[in-house]
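Each remark here refers to the structure printed beneath this line.
Worth saying up front: this structure is predicted, and the values here are computed from it rather than measured. Worth knowing before you read on, the calculation uses all heavy atoms, side chains too, and leaves out hydrogens, waters and symmetry mates.
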Amino acid sequence: MTEPFTVAIDGPAAAGKGTISRAVADHFGFAHLDTGLLYRAVGARMLDGVDPVTAAMALQANDLQARDLRTAEVAQAASKVAVIPEVRAALIDFQRAFARRAGGAVLDGRDIGTVICPQAEAKLFVTASVEVRAQRRYQELVDKGTVTSFETVLADVKARDARDSGRVTAPMTAAQDAILIDTSELSIEQAVATAIAAVKDCH
Ligand code: CDP
């Protein structure tokens with residue numbers, strides 16, 4: 001397929017968006033953009049003392065690989081810079097250009113189906129209970145060798161959920177026409193199969 005075809009996958013932290021998005025992109029041969037990395041890269045620059053709006057305007061593709069952006073500290077910083085309208089505005093063009101590239105694209109984030117790509121051909125909202133999400137994120141961090149506790153991770157996820165849903169600009173919410181997938185009781189294989197079937201229906 002050479003036509004653009006956009007799959008928007010939104011949802012809260014550690015709901016399974018990343019795994020599902022990569023699998024959907026592989027299945028259909030689409031490119032994949034984890035938009036959370038954009039906010040994480042800006043958050044990391046803020047932790048270095050750089051003004052977040054300046055950092056967002058200067059963001060380069062290789063900033064997304066330059067360091068470990070998947071730490072709990074960077075996640076919190078990301079959700080703090082993500083409330084700043086000028087930061088969000090600076091990242092829009094890059095995301096929209098990626099979404100409309102020839103051959104199809106999957107973007108995962110919080111506002112893809114609502115703000116970045118309201119015309120996306122397929123929209124999914126992936127969620128799970130906060131306890132299940134915190135347990136998954138806790139396991140990911142432990143597997144990476146991070147020393148933390150389940151309670152700390154749960155509190156972090158809840159704080160980020162509240163900030164992401166409560167902000168004025170582009171709050172995290174399901175688009176009216178999004179297909180909801182609750183992964184609380186699903187294995188990875190089941191969640192991926194459900195998502196692929198949902199995207200096929202939109203083809
Ligand atoms: O991987 P995880 O779901 O934990 O988070 P992420 O997708 O990497 O996003 C990190 C933070 O970036 C989120 O908590 C949001 O505050 C922000 N974000 C956003 O505001 N809009 C997006 N499209 C993607 C992420």
- prompt: Hey, are the side chains of Asp68 and Lys144 touching, using non-hydrogen atoms and a 4.5 Å cut-off?
  reply: yes
task: Kindly say whether Val132 contributes a backbone atom to a donor-acceptor pair with the side chain of Ser129 at under 3.5 angstrom?
output: yes
message: What's the separation between atom OG1 in Thr114 and atom CG in Asp177, rounded to the nearest 0.5 Å?
response: 10.0 Å
- prompt: Between Arg88 and Asp111, is any pair of side-chain heavy atoms under 4.5 Å apart?
  reply: yes
field: Stepwise side chain to side chain donor-acceptor pair (under 3.5 Å) test for His32 and Asp26
entry: CA-CA 9 Å; His32 170 226; Asp26 279 356; over 6 Å; no
task: Check the side chains of Arg163 and Ser79 for a donor-acceptor pair under 3.5 angstrom, ignoring hydrogens and angles.
output: yes
- prompt: Do the side chains of Ile20 and Thr183 get nearer than 4.5 Å, heavy atoms only?
  reply: yes
task: State plainly whether one hydrophobic cluster holds both Ile116 and Phe5, where clusters connect Ile, Leu, Val, Met, Phe, Trp and Tyr through side-chain heavy atoms under 4.5 angstrom apart.
output: no
- request: Under the side-chain contact (heavy atoms from CB on, under 4.5 Å) rule, what do Val192 and His27 come out as? Steps first, then yes or no, please.
  value: CA-CA 10 Å; Val192 164; His27 181 87; over 6 Å; no
task: Report, as yes or no, whether the 6.0 Å neighbourhood of atom CD1 on Ile188 holds more than 12 heavy atoms from other residues, nucleotides or ligands.
output: no
- request: Specify the closest pair of heavy atoms between Ala120 and Ala8, including all atoms of both residues, with the distance to one decimal.
  value: CB-CB, 4.0 Å
message: Could you check whether any side-chain heavy atom of Pro12 comes within less than 4.5 Å of a side-chain heavy atom of Phe125, counting everything from C-beta outward?
response: yes
field: ILVMFWY cluster, Val115 and Val7 together (side-chain gap under 4.5 Å)
entry: no
task: Indicate yes or no for a side-chain donor-acceptor contact from Asp48 to the backbone of Val50 under 3.5 Å, with no hydrogens or angles considered.
output: no
Option passing side-chain contact (heavy atoms from CB on, under 4.5 Å) with Pro52 (candidates Glu86, Met46, Arg45, Met57): Met46
- prompt: Roughly how far, to the nearest 0.5 Å, is OG1 of Thr127 from CE of Met172?
  reply: 7.5 Å
Asp10 (side chain) donor-acceptor with Ile112 (main chain) under 3.5 angstrom: yes
- prompt: Going through the checks in order, is the side-chain contact (heavy atoms from CB on, under 4.5 Å) test met by Thr146 and Thr71?
  reply: CA-CA 9 Å; Thr146 307; Thr71 66; over 6 Å; no
- prompt: Would Thr169 and Arg167 satisfy side-chain contact (heavy atoms from CB on, under 4.5 Å), going step by step from the backbone distance to the final call?
  reply: CA-CA 6 Å; Thr169 307; Arg167 68 183 175 226; 5.6 Å; no
Spacing of Arg110 atom CZ and Ile9 atom CD1 [to the nearest 0.5 Å]: 13.0 Å
statement: Gly113 and Ala175 have their tightest heavy-atom pair at O-CB, 3.8 Å
message: Any non-hydrogen side-chain atom of Gln139 less than 4.5 Å from a side-chain atom of Gln135?
response: yes
- prompt: Do Asp63 side-chain atoms and Gln60 backbone N/O form a donor-acceptor pair below 3.5 Å?
  reply: yes
task: Name the orientation class of the two ring planes belonging to Phe98 and Phe94 (parallel below 30°, tilted from 30 to 60°, perpendicular beyond 60°).
output: tilted
Enclosure of Glu140 CD (heavy-atom neighbours >12, cutoff 6.0 Å): yes
- prompt: How is the hydrophobic cluster of Leu154 composed, in terms of its other members, when Ile, Leu, Val, Met, Phe, Trp and Tyr link through side-chain heavy atoms under 4.5 Å apart, directly or indirectly?
  reply: Val130, Tyr138, Leu141, Val142, Phe150, Val153, Val157
message: Are the side chains of Ile196 and Val199 in contact, using a 4.5 Å heavy-atom criterion?
response: no
- request: Could you tell me the separation between the CD atom of Glu131 and the NZ atom of Lys158, rounded to the nearest 0.5 Å?
  value: 6.0 Å
task: For a side-chain contact (heavy atoms from CB on, under 4.5 Å) with Thr6, tell me which candidate from Lys123, Gln119, Arg101, Arg100 qualifies.
output: Arg100
- prompt: How many angstroms lie between CG in Leu38 and CG in Leu107, if you round to the nearest 0.5 Å?
  reply: 9.0 Å
message: Tell me whether the count of non-hydrogen atoms from other residues, nucleotides or ligands lying under 6.0 Å of CZ in Arg160 goes above 12.
response: yes
- prompt: Is the backbone N or O of Ala15 less than 3.5 Å from a side-chain atom of Arg136, with the two atoms forming a donor-acceptor pair by type?
  reply: yes
For the student: nearest non-hydrogen atoms of Asp108 and Asp34, plus distance: OD1-CA, 3.5 Å
message: Under a 4.0 Å threshold between the charged nitrogen and the carboxylate oxygen, would Asp156 count as salt-bridged to Arg137?
response: no
- prompt: Going from SG on Cys202 to CG on Leu124, what distance comes out if it is rounded to the nearest 0.5 angstrom?
  reply: 7.0 Å
message: Show the nearest heavy-atom pair for residues Ala99 and Ala105, with the distance to one decimal.
response: O-CB, 3.8 Å
- prompt: Among the clusters formed by ILVMFWY side chains lying less than 4.5 Å apart, do Phe28 and Leu33 turn up in the same one?
  reply: no
- request: Return the minimal non-hydrogen interatomic distance between Ala82 and Tyr39, and the atom names on each side.
  value: CB-CD2, 3.7 Å
query: Any ion pair linking Asp161 and Arg133 (charged N to carboxylate O, less than 4.0 Å)?
result: yes
query: Does Arg96 reach the main-chain N or O of Cys117 with its side chain, forming a donor-acceptor pair under 3.5 Å?
result: no
- prompt: At their closest point, which heavy atom of Asp182 faces which heavy atom of Ala128, and how far apart are they?
  reply: OD1-CA, 3.6 Å
Single-linkage hydrophobic cluster Leu180~Val106, side-chain heavy atoms < 4.5 angstrom: no
